[in-house]
Structures are given as structure tokens and as C-alpha cells.
A.B. asks: 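Handing you this structure, nothing more for now.
Each ligand, and each atom within it, is numbered from 1 in the order the structure gives.
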Amino acid sequence: MAKRVASCFLGVFLSIAAAAPPPAVYIFGDSTLDVGTNSFIPGCLARADFYFNGIDFHRSEPTGRFSNGLNTADQIAILLGLKKSPPPFLYLLNDPSTFQRNILQGANFASGGSGILNSTGQAKKVISLEDQIKQFSTVRSNITNMTCSDKATDTILSKAFFLISIGSNDIFEYLLNPAPPMSVPEFNATLISTYEYHIKTLYELGARMFGILTVPPIGCTPFARAVFTGNNSCFEPAQEFAQDFSLNMAILLDNFSSQVQDIKYSLANTFLTTSFLMGDMLAFGFKNIAAACCGNGTYGCNQSTSFCSNRDEYLFWDQFHPTQRASELAALTVFGASEPLVAPMNFSQLLGVNM
Ligand SMILES: *[C@@H]1O[C@H](CO)[C@@H](O)[C@H](O)[C@H]1NC(C)=O
Ligand SMILES: *[C@@H]1O[C@H](CO)[C@@H](O)[C@H](O)[C@H]1NC(C)=O
Ligand SMILES: *[C@@H]1O[C@H](CO)[C@@H](O)[C@H](O)[C@H]1NC(C)=O
Ligand SMILES: *[C@@H]1O[C@H](CO)[C@@H](O)[C@H](O)[C@H]1NC(C)=O
Ligand SMILES: *[C@@H]1O[C@H](CO)[C@@H](O)[C@H](O)[C@H]1NC(C)=O
Ligand SMILES: *[C@@H]1O[C@H](CO)[C@@H](O)[C@H](O)[C@H]1NC(C)=O
Ligand SMILES: *[C@@H]1O[C@H](CO)[C@@H](O)[C@H](O)[C@H]1NC(C)=O
Ligand SMILES: *[C@@H]1O[C@H](CO)[C@@H](O)[C@H](O)[C@H]1NC(C)=O
Ligand SMILES: *[C@@H]1O[C@H](CO)[C@@H](O)[C@H](O)[C@H]1NC(C)=O
């Protein structure tokens with residue numbers, strides 16, 4: 001009993017401590033932010049825990065990141081003052097003795113191959129955004145178990161940063177499906193209304209500060225150039241979807257934030273930012289913005305494929321994912337740029353960091 005009271009008293013300190021930077025970071029989404037979640041899912045078919053992934057990571061270690069090194073979750077965490085992304089939630093679960101302390105600093109729920117819609121990525125056994133948010137709701141209850149009060153938990157979470165990047169896989173699966181179950185406008189609308197539902201759920205669970213990355217120019221990935229067009233041009237229907245998605249997200253968040261007055265957010269238009277990098281590639285040190293460094297457009301990266309030596313000069317690491325260098329530039333943009341690349345404020349303003 002005495003122990004319980006002592007640990008509940010701790011809640012007061014926890015909610016004060018949560019104000020000091022860097023904030024706790026909770027990360028949701030797909031392979032752009034996955035730092036190893038999928039390596040912990042039995043039977044998962046969307047994995048990156050093998051070489052040459054991670055070739056530029058500390059000790060050239062494959063960590064489950066779909067990258068040659070650090071990914072966008074890490075690069076954003078670094079600009080917040082952390083060493084890299086918080087570990088996967090599924091990893092933290094493995095050690096009950098440190099779990100409670102760790103989740104106060106954040107957790108990464110992102111799962112490569114997942115989508116806004118439950119059905120996306122299901123065949124590969126990945127964790128949908130809906131289920132990632134369910135995992136977060138247990139984290140909330142674990143925090144409340146420490147603070148003994150929903151109010152103290154609310155205070156702690158109101159200072160945490162919620163980073164989300166998702167949507168590409170929904171669009172890819174829709175375009176790859178020869179008989180899509182919905183018309184284009186229906187699909188378009190479903191994607192946005194489902195995303196809105198997820199953001200509302202996070203809000204109800206205590207999230208107040210959001211950083212959201214839209215869908216990048218997925219029609220220009222090595223995969224789309226090889227598989228959809230086959231002549232190395234960008235695939236326009238995928239580009240249109242991605243571009244519309246960014247516009248629709250801006251409307252959604254504008255609308256949502258006018259209904260609930262106590263959220264702060266920053267929407268990074270990844271479509272525009274990446275298009276900007278592609279349009280002026282030499283200025284950013286890129287020599288190749290169309291090909292995969294490892295593997296090619298049709299085949300994924302693994303130890304029996306070839307890979308480029310000048311990784312920092314490639315935008316794409318593999319058929320879908322940016323290199324460590326491209327992720328770094330994306331992170332610098334969301335922290336330091338202005339509208340229309342990031343709106344209504346940049347991540348530095350949102351999070352009160354000086355760059
Ligand atoms: C998505 O899946 C979860 C189970 O994981 C279920 O509870 C939920 O109702 C589903 N949502 C939709 C929109 O189908
Ligand atoms: C609350 O935390 C204790 C450890 O501090 C743990 O044993 C217990 O299972 C937790 N209960 C819930 C409902 O999370
Ligand atoms: C976290 O919360 C869940 C759901 O309430 C519970 O099952 C689990 O035991 C908790 N874990 C810890 C370490 O408290
Ligand atoms: C490439 O193929 C697409 C259709 O697959 C076509 O619309 C486009 O004009 C082609 N581009 C070139 C440069 O051939
Ligand atoms: C998606 O919906 C928006 C309006 O909500 C529309 O402007 C856009 O053209 C649609 N995109 C596609 C690919 O149909
Ligand atoms: C704004 O949100 C409300 C309530 O969810 C909805 O009825 C309305 O259609 C939305 N407006 C736009 C422009 O999305
Ligand atoms: C892509 O890589 C595979 C496997 O290494 C190879 O068989 C194929 O020819 C390559 N495709 C192109 C277009 O280079
Ligand atoms: C590696 O990729 C090549 C080309 O895509 C494929 O043929 C081979 O089976 C893969 N090897 C492993 C170990 O996955
Ligand atoms: C974005 O962030 C930087 C600090 O990193 C700040 O100086 C700048 O004013 C911000 N840009 C805009 C347009 O608000």
C-alpha cells in the first residue's frame with residue numbers, strides 16, 4: 001500500500017518533468033518510420049532485418065529499418081535532441097523491468113507495409129494504424145497505472161509529440177488491385193475519413209501535439225517507374241493520388257483543429273518537399289533520383305543484389321524507400337522550412353526547438 005501511494009505521488013513529478021525538452025515521442029505509420037517493429041511480428045512478410053539494409057548504420061547492423069542507415073523517424077528525433085527514434089513498442093514489451101520507465105519517453109509503433117485502412121498490408125501480417133493506436137491505448141493505461149490519475153496522464157501526454165506518416169501503401173494496393181472494391185472518388189474519401197477517425201481516436205487518448213507527414217511522390221519511386229509505367233517515367237495516377245492526399249489532409253486538419261481548440265499541429269507536405277529535392281537534385285548533392293541504390297525497381301534489396309557505393313548521392317535506397325541522406329534532408333525541411341512545404345507552422349515552432 002505504501003509503495004502504491006509513493007508511486008502515485010510520483011505522478012505529480014512525472015507531469016512536471018514532462019515539460020522539459022526533449023518531449024516524449026510516440027510514432028505511428030509505415031516503413032518510412034518503422035525502426036524494427038516488423039522484426040518482432042511472427043510471420044511478417046514486410047521486413048528489413050537483413051543486410052544490405054543498415055549498411056551505414058552503427059556497425060553496419062540491419063535493424064529492421066528500410067534504409068541504408070537512419071530513417072526519417074530517427075532524423076526527426078535527432079533534431080529534437082534525441083540520439084535516434086524511440087525503440088519499437090514491441091521491443092520495449094520484452095523487458096517488463098524497464099517498460100514503464102521507457103514508455104514515458106516514447107515508443108515507435110510504426111509498421112512497414114501498413115496503411116490507414118485495416119485491409120492494407122494484411123496479407124503481409126503487418127500492424128494497421130488502427131492496431132498501432134490500440135497498442136498506444138494500452139501504453140496510456142500503463143502510464144495511468146503509474147500516475148493513478150487520468151488527469152495526470154492527460155497532462156503528461158499533452159506535452160508529448162505524436163508523429164505520423166502513412167497512406168502510401170493504401171494507394172499502392174489500390175492501384176495494384178485489378179478490381180478495386182471502390183471507385184476512385186469513394187476510395188479517396190474513405191482514406192481521408194478513416195484518417196480523421198484515427199486522429200480523433202488519438203486525440204481522445206490524450207494526444208495534443210501532432211506532426212504529420214503526407215504521402216511523398218510515390219509515382220516516382222523506382223518501383224512505380226519499373227512496374228507501373230515500365231519506361232522509367234513517373235506514374236501519373238499515383239502522383240495525382242499523392243498530391244490530392246496532401247491537399248485533403250490540409251483541409252482535414254484545418255477542420256479538425258477548429259473543432260477541438262486545444263491541438264497544435266504541423267503538416268509536412270512530403271509530396272512538395274520531395275518533388276522540390278527531385279527538381280533541384282544537384283543543389284542537394286544528388287546524382288540519381290530515379291534508381292534504387294540497392295536492388296532495382298522490380299526487386300527488393302538483399303544480400304544477393306548489388307548496391308551503390310555513393311549512397312549519399314541517391315534519393316532512393318531501395319525500390320520504395322529514401323536513403324539516410326534523403327531522410328536527413330526531409331527532416332531538416334520539416335524543422336526549418338515554411339509554407340507551403342510545412343504548415344501552418346514548422347516543427348521547430350511546434351516543438352519550441354532552436355535550430
Ligand atoms: C479494424 O480492425 C480492428 C481489429 O483489429 C477492428 O476492431 C476495427 O473495427 C476495424 N475497423 C474497421 C474500420 O473496419
Ligand atoms: C500496474 O503496474 C504494475 C507494476 O508496477 C503491474 O504489476 C500491473 O500489472 C499493472 N497493472 C495494469 C492494469 O497495467
Ligand atoms: C500495460 O497495460 C496493459 C493493459 O492494461 C496490461 O495488460 C499490461 O500488463 C500493462 N503492462 C505493464 C508493464 O504495466
Ligand atoms: C511512359 O509510359 C506511360 C504509360 O505507361 C505513358 O503515359 C508515357 O507517355 C510514357 N512516357 C514516355 C517518355 O515514353
Ligand atoms: C480526390 O478527391 C479530391 C476532392 O476531395 C479531388 O479533388 C481529387 O481529384 C480526387 N482525386 C482523385 C485521384 O480522384
Ligand atoms: C468538417 O468537419 C465536420 C464534422 O466532422 C464535417 O461535418 C464537415 O463536413 C467537415 N468539413 C470539411 C470541409 O471537411
Ligand atoms: C533487377 O534485379 C534482378 C535481380 O537482381 C535482375 O534479374 C533484373 O534483371 C533487374 N532488372 C533490371 C531492369 O535491371
Ligand atoms: C534476393 O533478391 C533476389 C532478387 O530479387 C532474389 O532472387 C533472392 O531470392 C533474394 N534472396 C533472398 C535471400 O531473399
Ligand atoms: C521555421 O523554423 C525556423 C527555426 O528553425 C524559424 O527560424 C523560422 O522562422 C521558421 N519558419 C517559418 C516560416 O516560420
A.B. asks: Strictly distance-based, threshold 3.5 Å: is any side-chain N or O of Thr333 a donor or acceptor partner for the main-chain N or O of Ala337?
C.D. replies: no
A.B. asks: Before signing off on this row, confirm whether Tyr299 and ligand 8 have an N or O atom pair separated by under 3.5 Å.
C.D. replies: no
A.B. asks: Using a 4.0 Å cut-off to any heavy atom of Ala337, which atoms of ligand 9 qualify?
C.D. replies: 1 (C), 11 (N)
A.B. asks: Which of the atoms in ligand 3, numbered in the order shown and given with their element, are less than 4.0 Å from a heavy-atom of Gln100?
C.D. replies: 12 (C), 14 (O)
A.B. asks: Who gets closest to atom 8 (C) of ligand 9 by heavy atom: Leu79, Asn346, Val334?
C.D. replies: Asn346
A.B. asks: Can you find a heavy atom in the side chain of Arg65 that is under 4.5 Å from one in the side chain of Lys84?
C.D. replies: yes
A.B. asks: Does the protein place any heavy atom closer than 4.0 Å to atom 5 (O) of ligand 8?
C.D. replies: yes
A.B. asks: Need the ligand 8 atom indices (1-based, order shown) with element for anything under 4.0 Å from a heavy-atom of Asn302.
C.D. replies: 1 (C), 2 (O), 3 (C), 8 (C), 10 (C), 11 (N), 12 (C), 14 (O)
A.B. asks: Just heavy atoms, cut-off under 4.0 Å: does Gln349 contact ligand 9 by side chain, backbone, both, or neither?
C.D. replies: side chain
A.B. asks: Closer than 4.0 Å to some heavy atom of Phe99 - which atoms of ligand 3 meet that?
C.D. replies: 13 (C)
A.B. asks: Roughly how far, to the nearest 0.5 Å, is the OG1 atom of Thr72 from the CZ atom of Phe66?
C.D. replies: 13.0 Å
A.B. asks: Using non-hydrogen atoms of the residue, decide whether Ser141 is closer than 4.0 angstrom to ligand 3.
C.D. replies: yes
A.B. asks: By number and element, which atoms of ligand 3 are closer than 4.0 Å to a non-hydrogen atom of Thr138?
C.D. replies: 2 (O)
A.B. asks: Are Arg325 and Tyr314 in a cation-pi setup, meaning NZ or CZ lies under 6.0 angstrom from the ring centre and within 45 degrees of the ring axis?
C.D. replies: no
A.B. asks: Looking at Phe284, I'd like to know if its CZ atom is crowded, meaning that more than 12 non-hydrogen atoms belonging to other residues, nucleotides or ligands lie closer than 6.0 Å.
C.D. replies: yes
A.B. asks: Just jot down the ligand 9 atoms closer than 4.0 angstrom to any heavy atom of Ser338, in number order.
C.D. replies: 12 (C), 13 (C)
A.B. asks: Is ligand 9 under 4.0 Å from a heavy atom in the side chain of Ser348, in the backbone, in both, or in neither?
C.D. replies: side chain
A.B. asks: For ligand 9, which atoms sit closer than 4.0 Å to a heavy atom of Phe335?
C.D. replies: 1 (C), 2 (O), 5 (O)
A.B. asks: Is there a donor-acceptor contact under 3.5 Å linking the side chains of Ser31 and His321?
C.D. replies: yes
A.B. asks: Would the number of heavy atoms belonging to other residues, nucleotides or ligands and lying under 6.0 Å from OH of Tyr91 be above 12?
C.D. replies: no
A.B. asks: Do the side-chain N and O atoms of Thr153 and Thr147 include a donor-acceptor pair separated by under 3.5 angstrom?
C.D. replies: yes
A.B. asks: Using a distance-only test with no angle check, is there a side-chain donor-acceptor pair under 3.5 angstrom linking Asp74 and Ser85?
C.D. replies: no
